[in-house]
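What follows is a single structure, written as structure tokens, with notes after it.
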Amino acid sequence: MNAVLSIARKEFADGLRNRWLLAISLLFAVLAVGIAWLGAAAAGQVGFTSIPSTIASLASLATFLMPLIALLLAYDSIVGEDEGGTLLLLLTYPLARWQMLLGKFIGHGGILALATVLGFGSAALAIAALVPDIQLSLLLWAFGRFMASSILLGLVFIALAYALSSLAREKSSAAGLALGLWFAFVLVFDLGLLAILVVSQGQLSGDLLPWLLLANPTDIFRLLNVAGFEAAGSVSGLMQLGSDLPHGSGLLWACLLAWSAISLSLAFYLFHRREV
């Protein structure tokens, strides 16, 4: 465990040195505050509207940003060490590969989690301080749920980045694979489901398609953050299909946790098979 914590501290310190924590925190804070007050500008409204609409807008934004940031943070974790000549050196120490990867996962996950709490938490504090008669219990519950699910989504893509980094032989290849993975999950997957829905003339929407949403962690994340709000009924597109899933948010949390565990297990397996 000491070896794992040493690797985690190194990765966290590298993230601080490279200004990852500061950059991500500022990005999240600025965007969250901007969405909270300007999210309804297209409808002719300027100012804070409601907690459900703010969380729904933030979830749509985080669906694009969180996977991308997680992949950028970790895509070169293995192949970068290999190209720099430090991977072989690290493996000469009494350090198992799973310990090295778990340490990196804890370090990168710590950076992402702290940046998420600092960034989105500052937006929650701004809303609590500046919006009169705000329902603090709902605000804390909504932002707590949103930040926890955002961190889990980020952990999924950090683990997937390790898997890609274990497969690639060059950092440029790992970057290309990471970008392709982002496109596949964030853009292409939902377009494919919409195509299936159109071709089937809506016949699959009541049984199969809602379950297919669980094959994409970004869709699980979005469903989690519209569930339980009255605003969820106004959500259009594929997210409406999520209302047909049983067990509500409990199933969605379990699926997001399962995605994290499966992705990290895949990364362990591919790193173990990598030749150095």
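Keep in mind it's a predicted model, so treat the numbers as computed, not measured.
- To the nearest 0.5 Å, the span separating CG on L152 from CG on L224 amounts to 8.5 Å.
- Within the 4.5 Å cutoff, no side-chain heavy atoms of V186 are placed close to those of L68.
- Between M100 and F271, the shortest heavy-atom contact is SD-CZ, 3.9 Å.
- Tested against T116, the residues I151, I24, I69 include a single side chain to side chain contact (heavy atoms under 4.5 Å, CB included) partner, I151.
- In plain terms, the two heavy atoms of S149 and L256 that are nearest each other are O-CD2, 3.9 Å.
- Across every non-hydrogen atom of L177 and A168, the tightest pair is CD1-CB, 4.4 Å.
- Put simply, OH on Y162 and CG on D76 are 10.0 Å apart, with the number rounded to the nearest 0.5 Å.
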Would you sort out whether L213 and R222 count as a side chain to side chain contact (heavy atoms under 4.5 Å, CB included), showing the intermediate values?
CA-CA 10 Å; L213 291 174; R222 280 191 290 176; over 6 Å; no

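- V188 and V156 fall into different hydrophobic clusters, defined by Ile, Leu, Val, Met, Phe, Trp and Tyr side-chain heavy atoms under 4.5 Å apart, directly or through other members.
- The side-chain heavy atoms of I7 and L95, taken from C-beta on, include a pair separated by under 4.5 Å.
- Side-chain contacts under 4.5 Å among hydrophobic residues (ILVMFWY), followed directly or transitively, place L266 together with L167, Y269, L270.
- Among L214, L212, T218, the single residue meeting the side chain to side chain contact (heavy atoms under 4.5 Å, CB included) criterion with N216 is T218.
- Atom-to-atom distance recorded for D190:CG and D219:CG is 4.0 Å, nearest 0.5 angstrom.
- A heavy-atom distance below 4.5 Å is found between the side chains of R169 and D82.
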Given the rule in the side chain to side chain contact (heavy atoms under 4.5 Å, CB included) test, do L101 and W98 qualify, once you have shown the distances and angles that lead to the verdict?
CA-CA 5 Å; L101 200 63; W98 70 266; 5.8 Å; no

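- In this structure, V79 is not a member of the same hydrophobic cluster as L88, with clusters built from ILVMFWY side-chain heavy atoms closer than 4.5 Å.
- Atoms CG and CD1, from L136 and I127 in turn, are 11.0 Å apart once rounded to the nearest 0.5 Å.
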Could you walk me through whether I134 and I51 satisfy the side chain to side chain contact (heavy atoms under 4.5 Å, CB included) test, starting with their C-alpha distance in whole Å, then the side-chain angles of each, then the deciding distance to 0.1 Å, before giving a yes or no?
CA-CA 9 Å; I134 192 72; I51 293 173; 3.9 Å; yes

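- By the 30° and 60° cut-offs, the orientation of the rings of F120 relative to F146 is perpendicular.
- Taking every heavy atom of both residues into account, G107 and F12 meet most closely at O-CD1, 3.8 Å.
- Side chain of R274 to backbone of I78: no donor-acceptor contact under 3.5 angstrom is found.
- Panel note: side chain S263, backbone S260; no donor-acceptor pair is recorded below 3.5 Å.
- Nearest heavy-atom pair across S165 and S77 is OG-N, 3.5 Å.
- Taking CG of L22 as the start and CG of L27 as the end, the distance is 11.0 Å to the nearest 0.5 Å.
- In this structure, CZ in F185 is found 4.0 Å from CH2 in W259, a value given to the nearest 0.5 Å.
- Put simply, the side chain of S25 gets close to the backbone of L21: a donor and an acceptor are under 3.5 Å apart.
- Ring centroids of Y75 and W182 are separated by 6.0 Å or more, keeping the two rings apart.
- I262 and L164 fall into different hydrophobic clusters, defined by Ile, Leu, Val, Met, Phe, Trp and Tyr side-chain heavy atoms under 4.5 Å apart, directly or through other members.
- Hydrophobic clustering of Ile, Leu, Val, Met, Phe, Trp and Tyr side chains at less than 4.5 Å, counting indirect connections, keeps I55 apart from L125.
- V30 and F64 sit in two unconnected hydrophobic clusters of ILVMFWY residues. Membership requires side-chain heavy atoms under 4.5 Å apart, directly or through other members.
- The minimum heavy-atom distance between A32 and A123, with the atom names listed, is CB-CB, 3.4 Å.
- Taking 4.5 Å as the limit, some side-chain heavy atom of F105 sits within range of a side-chain heavy atom of L155.
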M66 vs F221, side chain to side chain contact (heavy atoms under 4.5 Å, CB included): CA-CA, chis, key distance, verdict:
CA-CA 11 Å; M66 190 62 72; F221 169 76; over 6 Å; no

